[in-house]
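Below is one structure, written out as structure tokens; the observations come after it.
Numbering of residues begins at 1 and proceeds along the displayed sequence.
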Amino acid sequence: MPLVVMCGFPSSGKTKRSVELKTFLEEEKKVRVIVVTHHRDNVDKNHTYTDTSVAEKELRSTLKSDVQRFINRDDVVILDAPNYIKGYRYELFCITKSAQTPHCVIYCCASKNEASLFNKSRSREDRYNEEVFDGLVMRFEAPDSKNRWDNPTFAVHPADPLPTEQIYEALFLRAPPPPNLSTLPQPLSDTNFLHEMDKITQSIILLICEAQKNFVPGDFVKVPGANDKVELLRTIPMSELQRLRRQFVNYTKTHALDDTTKITNMFVQFINSRTK
């Protein structure tokens, strides 16, 4: 069932709101809730969330794996973690698309000063040190409901009641996002089709390389024949693009496909899902 992604500054109330929502869903709506949290006995957050920490990347990977493992058609999964990177929230959105279940984002939008006061009120063992706190605030990428992976977003200030009914409606009365075309089974390809696919994917790679000569992170590349656009969050080397192209071609060999009009958009989606 649906995924709830918590996000906000450190000490902004994400865990408190997770508990509130879990209690509401279980007691009022009789829904089973699984909370995946970054609060773990073996995690020292002041070590984990340093600016160059490999441990944070490992923790994010573990949390994402847990979400993938627990997400199903019967339970609500709440991810109680900073989730401050928009690319990471996009990866979580892709998981919900693959599972064909709705999701929402709860943004605990305490100000920096409010979050700092909450943090300092904690025990010494439980608080973020000042350097880590400031670093997380600086790196935080606020959700924007204009982005499909952040839609819908419920912004909740510390003094606000949690809009539980609206969240429930977003999770249970809204259609799930459609899966990417590249994840759907398609009819089998023939030799001429594979040749056409090779030509189309190669032209897209060349288009991306040309666009990267003059771009800023966040730019979009319009690809003729595709509904979606390639999002350039970083420079993608030619070697990586060629590797993605080979992976896409191999994928289509095991998932039958015979409509050349779908190739362009499928390959754009494939690139976006693997370069976030």
Find out whether T164 and E20 are in side-chain contact, i.e. whether some heavy atom of one side chain is under 4.5 Å from a heavy atom of the other.
no

Distance check, rounded to the nearest 0.5 Å: I167 atom CD1 versus F154 atom CZ?
5.5 Å

Is the side chain of D66 donor-acceptor paired with the backbone N or O of V36 at a distance under 3.5 Å, no angle test?
no

Going by an N to O cut-off under 4.0 Å, is there a salt bridge joining E56 and R60?
yes

What distance do R246 atom CZ and N250 atom CG have between them, rounded to the nearest 0.5 Å?
9.0 Å

If you round to the nearest 0.5 Å, how far is CD of Q166 from CG of L171?
11.5 Å

Find out whether V76 and V4 are in side-chain contact, i.e. whether some heavy atom of one side chain is under 4.5 Å from a heavy atom of the other.
yes

Without swapping roles, check the side chain of T96 against the backbone of F93 for a donor-acceptor pair under 3.5 Å.
yes

Lys/Arg N to Asp/Glu carboxylate O, K86 vs D150, below 4.0 Å
no

Verdict with supporting geometry, E26 and K22, salt bridge (Lys or Arg N to Asp or Glu O under 4.0 Å):
CA-CA 6 Å; E26 290 184 335; K22 181 177 187 293; 3.0 Å; yes

Nearest atoms (heavy-atom pairs only) where L162 meets R17:
N-NH1, 3.6 Å

Atom of N151, atom of S145 and distance for their closest heavy-atom approach:
CB-O, 3.3 Å

Got R122 and Y128 here, is their nearest side-chain heavy-atom distance under 4.5 Å?
yes

Between Q242 and S239, is there a side-chain donor-acceptor contact under 3.5 Å, judged purely by atom types and distance?
no

Could you go through the side chain to side chain contact (heavy atoms under 4.5 Å, CB included) check for Y168 and L25 one step at a time?
CA-CA 8 Å; Y168 175 81; L25 290 173; 3.9 Å; yes

Can you find a heavy atom in the side chain of V105 that is under 4.5 Å from one in the side chain of C7?
yes

So CG of L79 and NE2 of H103: to nearest 0.5 Å the spacing works out to 11.5 Å

Closest heavy-atom contact between L244 and F270?
O-CE2, 3.4 Å

Between D160 and H157 (side chain of the first, backbone of the second, donor and acceptor by atom type, cut-off under 3.5 Å), is there such a pair?
yes

Within the 3.5 Å criterion, strictly below it, is a donor on N265 or D228 matched to an acceptor on the partner's side chain?
yes

Given the rule in the side chain to side chain contact (heavy atoms under 4.5 Å, CB included) test, do Y84 and L136 qualify, once you have shown the distances and angles that lead to the verdict?
CA-CA 8 Å; Y84 64 90; L136 284 170; 3.7 Å; yes

Compute the centroid of each ring, for Y90 and then for W149, and state whether the two points are separated by less than 6.0 Å.
yes

Single-linkage hydrophobic cluster, 4.5 Å side-chain cutoff, V221 and F215 together:
yes

Does atom CD of E169 have more than 12 heavy-atom neighbours, drawn from other residues, nucleotides or ligands, at distances under 6.0 Å?
yes

Is the side chain of E114 donor-acceptor paired with the backbone N or O of S12 at a distance under 3.5 Å, no angle test?
no

Treating Ile, Leu, Val, Met, Phe, Trp and Tyr as nodes and any side-chain heavy-atom pair under 4.5 angstrom as an edge, say whether M266 and L206 lie in one connected cluster.
yes

Report the C-alpha distance between L3 and L92 in whole Å, list the side-chain angles of each, state the deciding distance to 0.1 Å, and finish with yes or no for side chain to side chain contact (heavy atoms under 4.5 Å, CB included).
CA-CA 9 Å; L3 172 66; L92 296 169; 4.2 Å; yes

State yes or no: do I106 and F172 share one hydrophobic cluster built from I, L, V, M, F, W and Y residues joined by side-chain heavy-atom distances below 4.5 Å, directly or via other members?
yes

Could you walk me through whether H38 and Y49 pass the ring pair (Phe, Tyr, Trp, His ring centres under 6.0 Å) check?
CA-CA 11 Å; H38 71 139; Y49 289 112; 5.8 Å; yes

Between I205 and L207, is there a side-chain heavy-atom distance shorter than 4.5 Å?
no

Would you compute the distance between atom CD1 of I95 and atom OG1 of T101 and round it to the nearest 0.5 angstrom?
12.0 Å

Are P163 and V156 close enough that some pair of their side-chain heavy atoms sits under 4.5 Å apart?
yes

More than 12 heavy atoms from other groups under 6.0 Å of CG on N214
no

Let's go through R40 and L63 carefully: what are the C-alpha distance in whole Å and the side-chain angles of both, what is the deciding distance for side chain to side chain contact (heavy atoms under 4.5 Å, CB included) to 0.1 Å, and is it a yes or a no?
CA-CA 11 Å; R40 304 186 175 209; L63 292 172; 3.3 Å; yes

Please confirm whether the ring centroid of F118 lies under 6.0 Å from the ring centroid of F133.
no

Taking the side chain as everything from C-beta on, heavy atoms only, tell me whether H39 gets closer than 4.5 Å to T15.
yes

Are I236 and M238 linked, directly or through intermediate hydrophobic residues, by side-chain heavy-atom contacts shorter than 4.5 Å (ILVMFWY only)?
yes

Please report the shortest heavy-atom distance between A170 and P102, naming the atom on each side.
O-CB, 3.9 Å

To the nearest 0.5 Å, what is the distance between CZ (R139) and CD (E141)?
10.5 Å

If you measure from the Lys or Arg side-chain nitrogens to the Asp or Glu carboxylate oxygens, is any gap between D198 and R245 under 4.0 Å?
yes

Side chain to side chain, L233 and P217, heavy atoms closer than 4.5 Å:
no

Validate the cation-pi geometry between K112 and F9: distance from NZ or CZ to the six-membered ring centre under 6.0 Å, angle to the ring axis within 45°.
no

Side-chain donor/acceptor of N83 to backbone N/O of A81, under 3.5 Å:
yes

Of the non-hydrogen atoms in P158 and C109, which two are nearest, and what is the gap between them?
CD-O, 4.4 Å

Charged N-O contact under 4.0 Å between E91 and K64:
yes

Can we say D80 and K14 salt-bridge, meaning some charged N sits less than 4.0 Å from an Asp/Glu carboxylate O?
no

Please find the pair of heavy atoms, one from T275 and one from E240, that lie closest to each other, and give the distance.
CG2-OE2, 4.0 Å

Is there a donor-acceptor pair under 3.5 Å between the side chain of S65 and the backbone N or O of S61?
yes

Quick one: do E165 and K29 make a salt bridge, cutoff under 4.0 Å?
yes

